[in-house]
Amino acid sequence: MTEVLPEFRVVRPATAQEAAAAHRDNEGARYLAGGTDLIPNVRRGIGDPDLLIDLGGIADLKKIEVGANGARIGAGVTLAHLAKNAQIAAAYPAVITAAKSIAGPGHRAAGTVGGNVCLDTRCVFYNQSQWWRESNNFCLKYKGDTCHVAPKSTYCHAAYSGDLAPVLLVMGAQVEVTGPEGSRTIALPDLYGEDGQNYLALKRGEFVTAVLLPKDVLPTVYEKMRVRGAIDFPLAGVAVALRRDGDKIGDLKVAVTGTNSRPFIVEGIEELVGGPLSDEVLDKIGDLVQKQVSPMRTTLVAPFGRRRIAAALARRQASALFAG
Amino acid sequence: MTHKRVLSLTLNGKNRQDLVPDNMLLVEYLREVTGNTGTKQGCDGGECGACTVLIDGEPHLSCITLAATVEGRKIETIESLAVNGRMSALQRAFHEKLGTQCGYCTPGMIMASEALLRTEKKPSKDTIRTALGGNICRCTGYVKIIEAVETAAEEVAS
Ligand SMILES: Cc1cc2nc3c(=O)[nH]c(=O)nc-3n(C[C@H](O)[C@H](O)[C@H](O)COP(=O)(O)OP(=O)(O)OC[C@H]3O[C@@H](n4cnc5c(N)ncnc54)[C@H](O)[C@@H]3O)c2cc1C
Ligand code: SF4
Ligand code: FES
Ligand code: FES
């Protein structure tokens, strides 16, 4: 019989605490949610885990609750179920837009919110077969000692490319993180670090158990640019949240995915609040985005293009939201 | 030694129990343990849709699903569609409308279409395209595949 995957054990704990303890106690353990990111990587010789902790047996992770204080979306909710949820569609429609833009139906039926938020960073030198990477002496992110994208760099520049994160960021989401000792809640930006190798600020054992959304969010839209319209990661994905007060900008937030090693909220945008949405202001939004994105040669599309795409998406969506 | 477990599930309407290693993919289990070779493997994982099967009625990629994670679930493959040797409406439509050429993508295309037609009785062209967005075909150019799904939907409706 052909063996495609390396040897590992699979366990399926029934509670989050048991899962966290199993992760803490096994250095070679990885969390397995839908597996639509993890398994392709393991098939290509990336990670070589000894233990996969299947989160699919934890009932609490699969719930969506929308109440007076906002929403709690369990990390184990699949993208397909999220996309069909009427309460989320009514209160947070941009979450649905983003969920529907992820991969294809087969990936969305298996892929989860937690797996998407914690998606491994991507790079043309990394998402390759074992022999391809080996013939290139691997790279800094895994098994090698040089970054082929930035050879002088001491850290990895692989791009975070999850589609939900920018929308969740402009909505002011928090994540509930559970470890062997219990749970804590952190603001979503604090989950990420600007390092393609260590892109998640989680301690050993910890994992994301839910995404929390506040009750009131600004009108929000999400748009991504990709090579293949039917199914592809974002070359750049931009979420814009904007409230109009008369002929002024009442509030404005912009967040980007696909260009940096973490999804992030564009800084300096808040200074535009209170003013009109003139052409100069749109230029400023574009400039702020262009300055803060740092696409590297991690995709086949040139960084220059991705930078301009991100700026254009931000401008276009801000105008559309302002026009109402 | 690879750790093994007894896997119980429903495959094409029948309950089964098999001894499977933890690191076995669902596509390997289907093809090599159960002998259902209709499900194809067309890429090195998650890119092409050829391996699409239904798990509890939803389309899933069996090449990136571990057999160990489908305990107790209902799996349906292309082999389940024909009844007493008579092809299903979808299978006939793919055949008659030339929605299949080399045939390699066909089991995945048909299972993804089957999942769609169970929830949408009269899908638009766009809905069909979205539902088949994860399935790649290098022969037909897709037009005939969309036509086949529309034809099957009409036949089932009438
Ligand atoms: C062809 C193809 C196209 C794709 N296109 C897109 C796309 O357009 N946009 C996009 O965003 N994604 C895309 N994906 C990636 C993937 O399908 C989705 O991001 C999906 O949501 C990942 O979720 P999962 O549950 O399958 O994650 P898994 O593969 O199970 O896990 C992903 C990573 O997160 C970790 N993890 C999982 N759950 C948790 C948790 N609760 N807490 C902490 N860590 C956790 C895992 O250990 C792993 O490192 C694509 C994948 C493929 C194969
Ligand atoms: S950015 Fe550099 S270190 Fe990171 S995956 Fe790409 S080549 Fe490897
Ligand atoms: S064989 Fe499963 S997606 Fe290609
Ligand atoms: S018929 Fe040959 S790949 Fe689709």
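Order of the sequence lines fixes the chain letters, A, B, ..., with proteins taken first and strands second; residue numbering starts at 1 for each chain. Source: prediction; values computed, not measured.
A distance of 9.0 Å separates CD1 in B:Ile64 from CG in A:Asp37, rounded to the nearest 0.5 Å. In this structure, the separation between CZ on A:Phe8 and CG on B:Leu66 is 4.5 Å, given to the nearest 0.5 Å. Rounding to the nearest 0.5 Å gives a distance of 11.0 Å between CD of B:Glu71 and CG of A:Asp54. One finds the CG atom of B:Asp22 at 6.5 Å from the CZ atom of A:Arg9 (value rounded to the nearest 0.5 Å).
The shortest distance between side-chain heavy atoms of B:Leu61 and A:Thr36 does not fall below 4.5 Å. With a 4.5 Å cut-off on side-chain heavy atoms, A:Val4 and B:Val27 do not count as touching. Using a 4.5 Å cut-off on side-chain heavy atoms (C-beta onward), A:Leu52 and B:Thr69 make no contact.
Environment of CG in A:Leu300: sparse, with no more than 12 heavy atoms of neighbouring residues, nucleotides or ligands closer than 6.0 Å. Annotation for B:Lys121: atom NZ counts as buried by contact number, over 12 foreign heavy atoms lying within 6.0 Å. Counting non-hydrogen atoms of other residues, nucleotides and ligands closer than 6.0 Å to CZ of A:Arg228 gives a total above 12. The number of heavy atoms from other shown groups lying within 6.0 Å of NZ (B:Lys125) does not exceed 12. The number of heavy atoms from other shown groups lying within 6.0 Å of CZ (A:Arg24) is above 12. Taking a 6.0 Å sphere around NZ of B:Lys97, one finds it holds 12 or fewer heavy atoms contributed by other residues, nucleotides or ligands. By the neighbour-count criterion of 12 heavy atoms within 6.0 Å, atom NZ of B:Lys74 is sparsely surrounded, having that number or fewer from other residues, nucleotides or ligands. The local environment of CZ in A:Arg204 is crowded, with over 12 non-hydrogen atoms from other residues, nucleotides or ligands closer than 6.0 Å.
Among all heavy-atom pairs drawn from B:Gly45 and A:Pro40, the shortest one is O-CB, 3.8 Å. Looking at every heavy atom in both residues, A:Ile231 comes nearest to B:Gly133 through CG2-O, 3.2 Å. Here the closest non-hydrogen pair linking A:Ser129 and B:Asp44 is CB-OD2, 4.5 Å.
In this structure, chain A has a heavy atom under 4.5 Å from the side chain of B:Ile136, while its backbone stays farther away. Interface remark: A:Arg12 contributes side-chain atoms only to the contact with chain B (heavy atom separation under 4.5 Å). Contact annotation for A:Ala80: only side-chain heavy atoms (C-beta onward) come within less than 4.5 Å of a heavy atom of chain B. Neither the backbone nor the side chain of B:Ile55 comes within contact range of chain A; no heavy atom of the residue lies under 4.5 Å from a heavy atom of that chain. Interface remark: A:Leu32 contributes side-chain atoms only to the contact with chain B (heavy atom separation under 4.5 Å). Of the atoms belonging to B:Arg5, it is side-chain heavy atoms, and not backbone ones, that fall under 4.5 Å from chain A.
Put simply, of B:Gly108, B:Pro59, B:Ala112, the one with the most heavy-atom pairs under 4.5 Å next to chain A is B:Pro59. Taking B:Leu25, B:Thr52, B:Thr65 one by one and counting their heavy-atom pairs under 4.5 Å with chain A, the maximum is reached by B:Leu25. The residue among B:Cys63, B:Ala115, B:Gly134, B:Gly49 with the most heavy atom pairs within less than 4.5 Å of chain A is B:Cys63.
Side chain of B:Asn23 to backbone of A:Pro6: a donor-acceptor contact under 3.5 angstrom is found.
Contacts from residues 148-158 of chain B to chain A, taken as heavy-atom pairs separated by less than 4.5 Å, involve no residues at all.
No salt bridge links B:Glu47 with A:Arg43; every basic N to acidic carboxylate O contact stays at or beyond 4.0 Å.
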